[in-house]
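Everything on this sheet refers to the single structure shown next.
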Number of protein chains: 2
Amino acid sequence: VSGQLSIVGLGPGDSRYLTAQAEAALAAAQALYGYGRYLEHVPIRSDQVRHPSDNREEGSRAAAALAHAAQGASVALVSGGDPGVFAVAARIGAPLGHDFCALSLSDNRKPWELIERRLDAAASAGFVIALYNPISQARPWQLGAALERLRRHLPQSTPVVFGHAVGRSDERVIVTTLATADPAAADMATLIIVGSPETRVIARPGRTPLVYTPRSAQGAHI
Amino acid sequence: VSGQLSIVGLGPGDSRYLTAQAEAALAAAQALYGYGRYLEHVPIRSDQVRHPSDNREEGSRAAAALAHAAQGASVALVSGGDPGVFAVAARIGAPLGHDFCALSLSDNRKPWELIERRLDAAASAGFVIALYNPISQARPWQLGAALERLRRHLPQSTPVVFGHAVGRSDERVIVTTLATADPAAADMATLIIVGSPETRVIARPGRTPLVYTPRSAQGAHI
């Protein structure tokens, strides 16, 4: 018997956002490995077994899933897919309609100075900036410092989106500005999109505004 | 009767990569609008009508779809979803495993100088760079100029991926280096991923190599 290991991206979490290919891979699995908070969103059958692990255990999780598959099992290793950047963007309009960066604010595996350098480069060249891993109990100050850094380059009126758990039942989306963006509005399930100077907000009475970055850019501000 | 307009991202094109939500929106549509080359990938029923248009007609296409919905019809406006960046990345390994930018090389709606400025910023700060809209009959030199620009900042050995029509039957993926990357290998259905100095290539005898960007970065090169 030869086993199989599939790496399956769940996207935002709701099954509506799974691809047919991802759904087939989940259905074929005997064992599902992954970060516990992702795994709990995967409905399983009685003949399937979940193997949840913590979010900092990537190495041992991958090794365990691989070893299980090597024994002949059909194994799925599930992850959140892309860091949710596109889910937030789709919910709020088209903030990533043009050139953008995705940047992790975690300084667990890279120096904070490198993150600052990347924030400077992206903002001064007019990229829209999607920030993931914005904040955690062990990293409480990084998001505030990043927003402060971006204020050196961008207008105070630049639109900022906080998207919490987009696509899930506890979804919460806030549209604000760089001047008033509050780091306390974010947690590890929050993605943040900081516009370019060309990003516009379209008000909708009684509803969350839309955020839109045109595909044309003059670059006069840089 | 009130109409409805859904905006549906097709992803790379094959139905395996559609989400359940996208599939439901396509099934509910009476009329499908979109760029002809995307629309031809959508199987339709006999009671559905395709309204193909050219790729430079975004404004009139959107207006026509909206007008049709306003008349009471159920309308789907289909697009390629994200510019295929994630499809190429998933096919080749994990080149976008860390901080990255997505950048359109089309200077139809922004000055070429702004594109150069963004290439400089992204490469010198160590972002992986995904290039879309790389080349067309009307824009034959831009990709060559962009690669030349990146050679100022990045090692000649930096991995470069050309992904043509990923997820479709005419898929073709090439892994090369910045020194040898040939613009002639690209067309409008090609996405290009240029690694950071930390991106690695893992050879697989007889198969396309894997490309991997670690989640840790020292930034010593910048």
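Residue numbering restarts at 1 for every chain, and letters A, B, ... go by the order of the sequence lines.
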Does Arg139(B) reach the main-chain N or O of Asn133(B) with its side chain, forming a donor-acceptor pair under 3.5 Å?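 Between the backbone of Asn133(B) and the side chain of Arg139(B) there is a qualifying donor-acceptor contact (under 3.5 Å).
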Using only atom types and a distance under 3.5 Å, with no angle test, would you say the side chain of Glu171(B) pairs donor to acceptor with the backbone of Gly167(B)?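 Yes, the answer is positive, given that a donor and an acceptor are paired below the 3.5 Å cut-off.
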I need the contact set between residues 146-153 of chain B and chain A: heavy-atom distance under 4.5 Å, sorted by residue number.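 When heavy atoms of chain A are the reference, residues 146-153 of chain B contributes no residue within the under-4.5 Å range.
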Checking an interface table here. Which of residues 17-29 of chain B come within a heavy-atom distance under 4.5 Å of chain A?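 Expected list: Tyr17(B), Leu18(B), Thr19(B), Ala20(B), Gln21(B).
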Is it true that, when you exclude Arg207(B) itself, more than 12 heavy atoms of the residues, nucleotides or ligands shown sit nearer than 6.0 Å to its CZ?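 Counting neighbours around CZ of Arg207(B), 12 or fewer heavy atoms of other residues, nucleotides or ligands fall under 6.0 Å, so no.
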Quick check: are there more than 12 heavy atoms from other residues, nucleotides or ligands sitting under 6.0 Å from CZ of Arg168(A)?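 More than 12 within 6.0 Å, yes.
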Side chain to side chain, Leu32(A) and Ile44(A), heavy atoms closer than 4.5 Å: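 In short, these two side chains touch, coming nearer than 4.5 Å.
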Would you call Val194(A) and Thr158(A) a side-chain contact if the rule is heavy atoms closer than 4.5 Å?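 Contact flag for Val194(A)/Thr158(A) side chains = yes.
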Using ring-ring contact (aromatic ring centres under 6.0 Å, His included) as the criterion, list what pairs up with Tyr212(B), not counting sequence neighbours.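 Tyr212(B) satisfies ring-ring contact (aromatic ring centres under 6.0 Å, His included) with no other residue.
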For Glu58(A) and Arg109(A), run salt bridge (charged side-chain N to carboxylate O under 4.0 Å, His left out): C-alpha distance rounded to whole Å, both residues' side-chain angles, the deciding distance at 0.1 Å, then the answer. CA-CA 13 Å; Glu58(A) 295 94 344; Arg109(A) 299 187 185 210; 3.5 Å; yes
As an exercise: rank Asp99(B), Val128(B), Ile129(B), Ile7(B) by heavy-atom pairs under 4.5 Å with chain A and give me the winner.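 Answer, by heavy-atom pair count under 4.5 Å with chain A: Asp99(B).
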So which of Ala122(B), Pro214(B), Ser104(B) has the biggest tally of heavy-atom pairs under 4.5 Å with chain A?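 Ranked by contacts with chain A, first place is Ser104(B).
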Arg118(A) NZ/CZ over Phe127(B) ring centroid, <6.0 Å and within 45° of normal: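 Yes, a cation-pi geometry.
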Suppose we screen for side chain to side chain donor-acceptor pair (under 3.5 Å). Which residues come up paired with Ser106(B), at least two apart in sequence or across chains?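 Result, side chain to side chain donor-acceptor pair (under 3.5 Å) vs Ser106(B): Asn108(B).
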